[in-house]
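Here is the naming used below: chain letters follow the sequence lines, and residue numbers restart at 1 for every chain.
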Number of protein chains: 2
Amino acid sequence: MTKTAPKGPPSALELLRSQSLTTLVKQELERRILAGDILPGDKLNEADVAAELRVSRGPVREAFRALEQAGLVRTEKNRGVFVRQVSLAEADEIYEVRAGLDELIGRLAAERATPADIAELRELVGQMRQAGQAQDVDAYYPLNIRFHDRLAQLAGNGTLLAAYRRLINELHLYRRRTLARGQDAFPTSTSQHAEIVEALAARDATLAGELLYQHAVKSRSRLHEALEREDNLPPPALVREVSIP
Amino acid sequence: MTKTAPKGPPSALELLRSQSLTTLVKQELERRILAGDILPGDKLNEADVAAELRVSRGPVREAFRALEQAGLVRTEKNRGVFVRQVSLAEADEIYEVRAGLDELIGRLAAERATPADIAELRELVGQMRQAGQAQDVDAYYPLNIRFHDRLAQLAGNGTLLAAYRRLINELHLYRRRTLARGQDAFPTSTSQHAEIVEALAARDATLAGELLYQHAVKSRSRLHEALEREDNLPPPALVREVSIP
DNA sequence: GCTTTGTAGATTGTCAACAATCTGCAACAT
DNA sequence: ATGTTGCAGATTGTTGACAATCTACAAAGC
């Protein structure tokens, strides 16, 4: 070594050494969108964002393109970028794909999960049961997210994990939009979670996949019920589609 | 209407009216990468690309960020962007996910395909059989791509279609890299394709899903054979992983 | 001979200015 | 009163210039 020893935490200088401003801006906007600080439909003004983050418009625009490709914002030429609004129909599509991925996750996780992983999952299920009994939705919701994300990690496939997280992010947008984050939020499925973990512990890949698939389908069913309900109240056409050529 | 009638084809002016330069640059680069004009590992120089496409570096950089998020290029800070190299291990991951998506595609397509769709698929299978008998790989390969993409469209789920196409693009990068585009290329599976179409025609969702899953798994097996072969020739560790936090 | 240091060129990261487009409102004509 | 036309302000799209960083090669020191 030459002269100076590195400080303890990753210093701000060290961070700027490896990350570009574009990346930082993207991460910050992504965080705000997923946290609900910025709501679906909101307009993101280049100059305002740049001013608030103390950078010029260049990095902001680059971050916008990345977020667009990630499905978090939508761009209208000469009009600006808006936080994406996920319609009910789109959310339905996403749930459908999520069910397929979850089935795969179940199969793979059953083969690859270690006893320590199983123990961790059981612990999570325990916490969820507790939050469920207390009807504490604010505690239950993030636990549910963590549980399923952990499963996706255990599948041991980075591509699968990335695809899964992308879908979860988009579903997050749907919940933010409707304010009714009630789909996966309500603790109706504590026993299902326990069953899933036991299937993993028994190394039963087919069963674990089947259970996770059904679990996702059930969430989708709750969405459909919401769809029915909503179809009666407002003028029936608020759903707009984005076509992929 | 006010004064002028629109011309026949979409004029260049009309095109620039709706598309930004960033979008055009992105599409052009995507085309070149997938067509093999630019190979995995190649460096993309901002100034060169900008000069060749007659734009400034701004739109080029924005296009780079979009392509990065799309998984087609990789960026190293202060060093530039490179066409992504998909390793064998990554290709293996992608095949695994693709199998899961294909299973879902089969289930959904079986429910939603019209008789006209079935006829179109039968026509495609016929052409593939023909190219297969003639051992014409250059004709067979794009037909195979078209067949599976058509299936993905028939599933009637835009989210699923987008996810599927992204994986196919990444697999394309793997094939470009190894020059051995032999995985799905060789016409070993003409009969499988016919079976799939018949399952769709019979509206047997479970069977169609199962057949497509097995079809993808078989492609993956051929990849594993290639993996075994390659493991013996070069020093055993050329595979690098990208970790997702 | 090998390592280290320094410098030159090229390339990327960032910024500020300019041009084009859109939105809203007011003035005008019908 | 209604619809059209024409600005004025604001916002996005694009460009060129400047600053920071990296790579490569050559010179100096051990």
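Closest to the A:Val55 side chain, of the nucleotides D:dT15, C:dC15, C:dC22, is C:dC15. For B:Arg79, the listed nucleotide lying nearest its side chain is D:dT23; candidates were D:dT23, D:dT12, D:dT14.
Applying the ring pair (Phe, Tyr, Trp, His ring centres under 6.0 Å) test to A:His148 and every residue at least two apart in sequence or in another chain returns A:His193, A:His215.
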Audit row: B:Lys26, B:Glu62, side chain to side chain contact (heavy atoms under 4.5 Å, CB included) steps and yes/no: CA-CA 8 Å; B:Lys26 171 178 176 289; B:Glu62 290 180 26; over 6 Å; no
Intermediate values then yes/no, side chain to side chain contact (heavy atoms under 4.5 Å, CB included), B:Phe82 and B:Thr75: CA-CA 6 Å; B:Phe82 304 82; B:Thr75 299; over 6 Å; no
B:Arg84/B:Glu170 under salt bridge (charged side-chain N to carboxylate O under 4.0 Å, His left out): CA gap, chis, key distance, verdict: CA-CA 9 Å; B:Arg84 179 163 162 222; B:Glu170 294 184 15; 3.4 Å; yes
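One interatomic measurement links the two molecules: CG of A:Leu53 to P of C:dC15, which rounds to 11 Å at whole-angstrom precision. Look at CG on B:Leu21: it is 10 Å from P on D:dG13, rounded to the nearest Å. Rounded to whole angstrom, the span from the CZ atom of B:Arg74 across to the C1' atom of C:dT12 amounts to 15 Å. Atom CG of B:Asn78 is separated from atom P of D:dA19 by 17 Å (rounded to the nearest Å). As a whole-Å value, the separation of A:Leu24 CG from C:dT14 C1' is 13 Å.
Against DNA chain D, the stretch residues 42-52 of chain A makes heavy-atom approaches under 4.0 Å through A:Lys43, A:Leu44, A:Asn45, A:Glu46. Residues of residues 57-68 of chain B having a heavy atom closer than 4.0 Å to DNA chain C, listed by number: B:Arg57, B:Arg61, B:Arg65.
None of B:Leu151, B:Leu161, B:Asn157 except one satisfies the side-chain contact (heavy atoms from CB on, under 4.5 Å) rule with B:Ile105; the exception is B:Leu151.
Looking only at atom types and distance, the side chain of A:Arg175 has a donor-acceptor partner in the side chain of A:Tyr141 under 3.5 Å away.
Between A:Arg220 and A:Asp92 there is a side-chain heavy-atom pair separated by less than 4.5 Å. Two residues are said to be in side-chain contact when any heavy atoms from C-beta on lie closer than 4.5 Å; B:Leu101 and B:Leu167 meet this criterion.
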